[in-house]
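Beneath this line is the structure, given in structure tokens, with notes to follow.
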Amino acid sequence: MMQYLETLHGPYGQYFAVERELYRDKTEYQDLVIFENQTFGKVLALDGAVQTTTADNHAYHEMLLHPPLLAHGQAKRVLIIGGGDGGSLREAVKHPIERAVMVEIDPAVIELSQRYLPELSDGAFSNPKAEVVIADGCRYVAETEERFDVIVVDSTDPIGPGAVLFTSDFYRDCKRCLTPGGVLVTQHGVPRLQPDELTDGYRKLTALFADATFYLTVVPTYTGGAMTLGWASDEPALRRVPLETLEERFAPLDGKTRYYNPSVHQAAFALPPEVQRLL
Ligand code: AG3
């Protein structure tokens, strides 16, 4: 049986027994492989880093989308940067929003995810609220005239085509695209293995936003323990929405999530001292 060995972290990694390889090729931007594994179902990896699996992606996509959307409470427009597999879009369209725009640089990720991992997007690409733009996310936020209540950066790690999505210039442009009281959420890796990414991200986000912090989720195939998601807004109250308010807003989604609930949402903002120290 073939094995897939993740190379993302150098001195430490994970292997998967490949039951069946579904696709392997170089897209215009990155090496892409999709395979089946007995424990995690279908697995999508880009440039030697696992991006998503059918078995644990909900812990990532639900926590990227529901905390900002439910904390905001009145979001109409959502912007997703990256996220070609459609998992973030899937969670976005569960909300009573008007529009979710997903800007993905690599059309092959979208096409191949739709073909081999349709359960990731679960129909979201044909949802009337969804719009897909094939473009460089950096350029999009620098140029668009549209404003969004929530911006979610569903990026790869800060190597390769995703690296620009961790720069101050990009965050500044995201801020420009936010409505007043809007919130930006980012994926910031696993602090046990990528501590500099967190420290660097905190420095950049606090320089631009009145309130910046990180919150946690646990995605087994993002090895190394809890991962951090960045939270940046000029409205500090968004971080402290009372549990009862979140519960009310969550009621229509109750039963439709596997990881998120309002208590998990609130608890996710509690950071262990070893993570706090990196900020
Ligand atoms: N984006 C997050 C990849 C993070 C993986 N990094 C890691 N293991 N440190 C995945 C895209 C899913 N929509």
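Order of appearance sets the numbers: ligands from 1, and atoms from 1 within every ligand. Values reported hereafter were calculated over all heavy atoms of this structure, with side chains retained and with hydrogens, waters and symmetry mates removed. The first residue in the sequence is number 1, and the count goes up from there.
A salt bridge links Arg77 to Glu146: one of the charged nitrogens lies within less than 4.0 Å of a carboxylate oxygen. Ion pairing between a basic and an acidic side chain is recognised when a charged N comes within 4.0 Å of a carboxylate O; Lys26 and Asp31 show such pairing. Using a 4.0 Å cut-off between a side-chain N of Lys or Arg and a carboxylate O of Asp or Glu, Arg24 and Glu21 qualify as a salt bridge. Between Arg258 and Glu62 there is no salt bridge, since no side-chain N of the basic residue sits under 4.0 Å from a carboxylate O of the acidic one.
With a heavy-atom cut-off of 4.0 Å, Ser155 touches ligand 1 through its backbone alone.
Backbone and side-chain nitrogen or oxygen atoms of Asp85 are examined, and one is located within less than 3.5 angstrom of a nitrogen or oxygen of ligand 1. At least one N/O-N/O distance between Gln194 and ligand 1 falls below 3.5 Å. Close N/O approach between Gln187 and ligand 1 is not found [any backbone or side-chain N/O within under 3.5 Å].
Protein heavy atom in closest approach to atom 6 (N) of ligand 1: Asp157 OD2, 2.8 Å. What sits closest to atom 3 (C) of ligand 1 on the protein, heavy atoms only, is Gln51 OE1, 3.5 Å.
Residue Val50 has at least one heavy-atom neighbour below 4.0 Å for each of these atoms of ligand 1: 5 (C). Every atom of ligand 1 with a heavy atom of His61 under 4.0 Å away is listed here by number and element: 12 (C), 13 (N). The distance from ligand 1 to the heavy atoms of Leu8 drops below 4.0 Å at these ligand atoms: 6 (N), 7 (C), 8 (N), 9 (N). Close contacts between ligand 1 and Asp154 involve ligand atoms 1 (N), 10 (C), 11 (C), 12 (C), 13 (N) [criterion: under 4.0 Å to a heavy atom].
Judged purely by distance below 3.5 Å, without hydrogens or angles, the side chains of Asp106 and Gln30 pair a donor atom with an acceptor atom.
Atom CZ of Arg192 has 12 or fewer neighbouring heavy atoms from other residues, nucleotides or ligands inside a 6.0 Å radius.
No cation-pi contact links Lys42 to Tyr116, judged by a cut-off of 6.0 Å to the six-membered ring centre and 45° from its axis.
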